[in-house]
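Notes to accompany the following structure.
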Amino acid sequence: MEYKTKYKSIVFMGKIASGKGTQANAISSHFGGIIYSNGNKVRETAQLPTVFGKKIKEIYETGLLIPEWVASYWMTHAIVTQFTDERVIFEGVAKKPNEAELFHEIHEMIGRPYIVFNLDVSDEEVHARSAMRARDVVDNPKAVDTRLAEYQTYTTKSIEFFRDKGTLIDIDGSLDSKTVQEKIFRYLIN
């Protein structure tokens with residue numbers, strides 16, 4: 001841990017393959033903190049041989065966002081129960097407007113300072129990066145298109161909510177990852 005920041009919660013938002021995970025790892029390495037990813041929770045849950053696990057797998061593989069109540073529960077549990085005193089780097093949370101409002105409300109109530117980085121990349125860049133990484137079934141062109149549609153329908157509204165609250169920073173995610181990291185660090189260093 002080399003740097004200090006006043007933020008207890010750092011959120012990465014953006015389209016699929018915009019670099020959220022890469023930057024979350026960089027923050028954790030240099031500022032310390034736990035990386036919390038709803039995407040990772042979804043992938044873990046999709047492996048469970050339960051009715052819930054199978055349903056989450058079905059939702060995930062089609063590229064749809066998980067139900068709001070699931071995302072909100074996981075996010076809330078992370079903030080108020082699991083990691084109350086630790087820095088948390090959130091990747092892939094508050095994607096729907098009600099989730100964003102809840103995230104803000106919790107942070108306001110408990111006095112936990114947060115910042116949101118929106119890694120902005122074009123749809124063409126998303127398709128190219130998804131094809132290159134081919135991590136799993138959601139990197140196929142059809143699922144990517146579904147995820148981009150979900151982003152436009154929901155996440156753009158969450159981004160606007162955080163922008164209105166003055167907690168959002170837009171970063172050009174099409175730049176190389178080191179340049180993106182340097183830009184983010186400038187906002188975090190106290």
Side-chain angles (χ1 to χ4, degrees), residues 9-31 33-47 56-68 70-71 74-75 88-97 99-100 103 114-163 167-188:
S9 291
I10 301 165
V11 180
F12 284 100
M13 299 189 84
K15 298 173 184 171
I16 177 178
S18 61
K20 299 180 297 290
T22 299
Q23 296 307 324
N25 283 316
I27 299 297
S28 179
S29 294
H30 294 285
F31 291 86
I34 303 295
I35 296 175
Y36 179 86
S37 166
N38 266 357
N40 288 343
K41 288 282 288 181
V42 166
R43 285 183 283 279
E44 289 168 17
T45 304
Q47 301 302 311
I56 291 296
K57 180 179 182 179
E58 177 186 314
I59 292 167
Y60 175 70
E61 288 182 350
T62 60
L64 297 171
L65 294 177
I66 59 173
E68 190 174 303
V70 176
W74 286 344
M75 175 188 72
V88 181
I89 302 109
F90 288 96
E91 190 260 311
V93 300
K95 290 183 176 183
K96 292 183 178 176
E99 296 165 20
F103 185 91
Y114 77 92
I115 189 168
V116 180
F117 293 102
N118 174 38
L119 302 182
D120 190 29
V121 295
S122 69
D123 291 358
E124 294 76 25
E125 183 76 12
V126 167
H127 277 285
R129 288 180 181 186
S130 295
M132 214 165 48
R133 76 178 182 178
R135 178 178 59 191
D136 60 25
V137 69
V138 299
D139 283 327
N140 76 60
K142 185 177 179 187
V144 169
D145 285 338
T146 301
R147 292 180 77 177
L148 287 171
E150 292 279 278
Y151 175 87
Q152 287 302 322
T153 300
Y154 299 108
T155 310
T156 56
K157 293 176 181 73
S158 292
I159 289 168
E160 285 309 312
F161 172 81
F162 287 125
R163 184 174 284 119
T167 59
L168 183 107
I169 307 296
D170 289 300
I171 303 283
D172 182 353
S174 67
L175 301 171
D176 67 271
S177 63
K178 186 70 175 161
T179 302
V180 171
Q181 177 184 316
E182 289 168 0
K183 289 178 177 286
I184 290 167
F185 280 24
R186 277 187 230 135
Y187 287 99
L188 293 176

Open item on the list: Once rounded to the nearest 0.5 Å, what's the spacing between atom CD1 of Ile66 and atom CD1 of Ile56?
Closed with: 5.5 Å
Task: Minimum side-chain heavy-atom gap Trp74-Thr45 below 4.5 Å - done: yes
Open item on the list: Is there a side-chain contact between Phe185 and His30 in this structure, where contact means two heavy atoms from C-beta onward sitting under 4.5 Å apart?
Closed with: yes
Task: Residues that Asp123 engages under salt bridge (charged side-chain N to carboxylate O under 4.0 Å, His left out), provided they are two or more places apart - done: Lys15
Open item on the list: Leu168 and side-chain contact (heavy atoms from CB on, under 4.5 Å): which single residue from Asn118, Ile115, Val11 fits?
Closed with: Asn118
- [ ] Mind checking ring pair (Phe, Tyr, Trp, His ring centres under 6.0 Å) for Tyr154 and listing every partner two or more places apart, or none if nothing turns up?
- [x] none
Task: Student check: side-chain heavy atoms of Arg133 and Ile16 closer than 4.5 Å - done: yes
Open item on the list: Treating Lys157 as the side-chain partner and Thr153 as the backbone partner, does any N or O pair qualify as donor plus acceptor under 3.5 Å?
Closed with: yes
Task: Side-chain heavy atoms of Ile59 within contact of Val42, under 4.5 Å - done: no
Open item on the list: Once rounded to the nearest 0.5 Å, what's the spacing between atom CD of Glu182 and atom NZ of Lys178?
Closed with: 5.5 Å
Task: Worked check of side-chain contact (heavy atoms from CB on, under 4.5 Å) between Leu188 and Phe117 - done: CA-CA 11 Å; Leu188 293 176; Phe117 293 102; 3.8 Å; yes
Task: Minimal non-hydrogen separation, Gln181 against Ala26, with atom names - done: OE1-CB, 3.5 Å
Open item on the list: Using only atom types and a distance under 3.5 Å, with no angle test, would you say the side chain of Gln23 pairs donor to acceptor with the backbone of Ser177?
Closed with: yes
Open item on the list: Within the structure provided, determine whether Ile184 and Phe12 are in side-chain contact (heavy-atom separation under 4.5 Å).
Closed with: yes
Open item on the list: Looking at Gly33, is its backbone amide N or carbonyl O close enough to the side chain of Ser28 to form a donor-acceptor pair, meaning the two atoms are under 3.5 Å apart?
Closed with: yes
Open item on the list: In the structure I gave you, are the side-chain heavy atoms of Lys95 and Asn38 within less than 4.5 Å of one another anywhere?
Closed with: no
Task: Spatial distance of atom CD1 (Ile159) from atom CG (Asp170) [nearest 0.5 Å] - done: 7.5 Å
Open item on the list: If I take atom OG from residue Ser18 and atom CD1 from residue Ile171, how far apart are they, to the nearest 0.5 angstrom?
Closed with: 11.5 Å
Task: Which atom of Val93 lies closest to which atom of Met13, heavy atoms considered - done: O-CE, 3.9 Å
Open item on the list: Parallel, tilted or perpendicular, judged at 30° and 60°: which one describes the rings of Phe162 and Tyr114?
Closed with: perpendicular
TODO: Check step by step if salt bridge (charged side-chain N to carboxylate O under 4.0 Å, His left out) holds for Arg163 and Glu160.
DONE: CA-CA 5 Å; Arg163 184 174 284 119; Glu160 285 309 312; 2.2 Å; yes
Task: Main-chain N/O of Gly14 paired to Lys20 side chain as donor or acceptor, under 3.5 Å - done: yes
Open item on the list: Contact between His127 and Leu148 at the side-chain level, heavy atoms closer than 4.5 Å - yes or no?
Closed with: yes
Open item on the list: Main chain of Leu65, side chain of Glu150: is a donor-acceptor contact present, judged purely on distance under 3.5 Å?
Closed with: yes
Task: Atom pair CG/OG of Asp172 and Ser122 - distance to nearest 0.5 Å - done: 9.5 Å
Open item on the list: Are Lys41 and Tyr36 packed together at the side-chain level, in the sense that at least one heavy-atom pair is separated by less than 4.5 angstrom?
Closed with: yes
Open item on the list: Looking at every heavy atom in both Ser158 and Ala94, which two are closest together, and how far apart are they?
Closed with: OG-O, 3.0 Å
Task: Between CZ on residue Phe161 and CD on residue Glu99, distance to nearest 0.5 Å - done: 12.0 Å
